[in-house]
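Right, one structure below, let's go through it.
Protein chains get the first letters and strands the later ones, always in sequence-line order, with residue 1 at the start of each.
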Amino acid sequence: AQSVTQLDSQVPVFEEAPVELRCNYSSSVSVYLFWYVQYPNQGLQLLLKYLSGSTLVKGINGFEAEFNKSQTSFHLRKPSVHISDTAEYFCAVKGGNFNKFYFGSGTKLNVKP
Amino acid sequence: DGGITQSPKYLFRKEGQNVTLSCEQNLNHDAMYWYRQDPGQGLRLIYYSQIVNDFQKGDIAEGYSVSREKKESFPLTVTSAQKNPTAFYLCASSTLAGGTDTQYFGPGTRLTVL
């Protein structure tokens with residue numbers, strides 16, 4: 001069975017600073033990895049996904065993530081954040097049976113002016 | 001525009017009442033899902049369906065029921081048997097084109113039990 005751990009429940013950061021949101025997963029099979037963003041009282045929007053190929057994945061809004069198989073990690077990064085990036089970010093893994101996704105508990109990114 | 005719609009956006013229920021949350025998609029996706037979101041717990045899978053007239057329980061199906069009579073629609077009923085139904089409910093859909101499918105989400109329904 002798969003599981004996802006997001007190590008930080010909240011990450012405060014100043015505007016224009018870099019940020020990294022951490023995600024680790026456990027799986028005995030090949031996986032597909034995703035990052036979603038959720039703004040207050042809204043659904044989840046796909047930021048980026050890793051399916052195969054290059055381990056560095058670029059997504060929307062200037063975010064990128066790197067798949068590290070040996071460390072079973074898929075950390076999300078942005079070199080310079082904006083106030084509008086304030087939201088909750090979810091890491092998810094899919095593998096094995098059917099299309100079942102396993103979500104982390106989320107990381108709230110709070111960008112301060 | 002293609003997408004997933006959920007209604008209503010906010011829903012209030014008295015204890016002991018059943019309520020039904022609507023989810024419709026026009027993406028021509030085969031699979032649909034219902035998740036429950038509670039603060040600090042991420043998303044938990046309630047039910048999912050891969051094809052019309054078929055659905056499977058997820059991790060927290062007790063107190064919920066679903067139907068899939070049409071490809072576009074996957075309504076969720078929260079029954080009086082659900083002991084703690086106050087939560088944010090999210091519907092999602094995906095294709096079934098192998099393991100690389102992405103789930104796309106609706107805007108959610110916030111259910112509050114009074």
Side-chain angles (χ1 to χ4, degrees), chain A residues 1-11 21-25 27-53 57 59-60 65 67 87-108, chain B residues 3-11 21 23 25 27 29-51 54-61 87-112:
Chain A
Q2 289 84 28
S3 68
V4 179
T5 302
Q6 292 183 244
L7 297 167
D8 305 301
S9 59
Q10 297 192 51
V11 173
L21 306 184
R22 297 180 292 170
C23 173
N24 288 87
Y25 68 93
S27 175
S28 58
V29 299
S30 296
V31 295
Y32 305 107
L33 296 156
F34 303 79
W35 274 100
Y36 286 87
V37 60
Q38 184 181 36
Y39 299 100
N41 291 311
Q42 294 186 26
L44 275 66
Q45 178 183 2
L46 180 68
L47 269 180
L48 49 79
K49 58 185 176 182
Y50 171 78
L51 303 178
S52 65
V57 180
I60 63 172
F67 170 57
E88 190 160 18
Y89 293 80
F90 290 93
C91 181
V93 61
K94 186 177 74 165
N97 182 36
F98 178 46
N99 282 346
K100 188 172 182 180
F101 275 54
Y102 297 85
F103 285 87
S105 55
T107 297
K108 290 186 178 179
Chain B
I4 303 173
T5 58
Q6 291 185 242
S7 61
K9 187 170 178 63
Y10 298 96
L11 185 58
L21 283 58
C23 178
Q25 54 98 1
L27 300 168
H29 285 171
D30 292 299
M32 297 186 74
Y33 315 78
W34 274 106
Y35 291 91
R36 171 181 171 138
Q37 185 178 20
D38 296 282
Q41 294 193 43
L43 278 68
R44 292 182 289 169
L45 183 64
I46 304 173
Y47 268 98
Y48 62 95
S49 168
Q50 301 180 64
I51 195 171
D54 187 50
F55 46 84
Q56 286 77 42
K57 294 181 179 180
D59 300 318
I60 56 165
F88 191 52
Y89 290 87
L90 288 161
C91 178
S93 70
S94 73
T95 62
L96 285 176
T100 61
D101 311 320
T102 301
Q103 289 192 8
Y104 295 92
F105 286 80
T109 292
R110 185 167 297 281
L111 173 63
T112 303

May I ask you to test the B/Leu90-A/Gln38 pair for a side-chain heavy-atom distance under 4.5 Å?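 SC-SC contact between B/Leu90 and A/Gln38 confirmed.
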
Does a side-chain heavy-atom distance below 4.5 Å link A/Phe101 with B/Tyr33?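 They are not in side-chain contact.
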
Hey, what do you get for CD (B/Gln37) to CZ (A/Phe90), rounding to the nearest 0.5 Å?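 CZ of A/Phe90 is found 4.5 Å from CD of B/Gln37.
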
For B/Leu43, is it the side chain, the backbone, both or neither that has a heavy atom under 4.5 Å from a heavy atom of chain A?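 Both parts, heavy atoms under 4.5 Å.
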
Can you tell me if CG on A/Leu7 sees more than 12 non-hydrogen neighbours from other groups inside 6.0 Å?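 Yes, the 6.0 Å shell around CG holds more than 12 heavy atoms from other groups.
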
Which heavy-atom pair separates B/Phe105 from A/Leu44 by the least distance, and what is that distance?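 So the minimum-distance heavy-atom pair works out to CB-O, 3.5 Å.
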
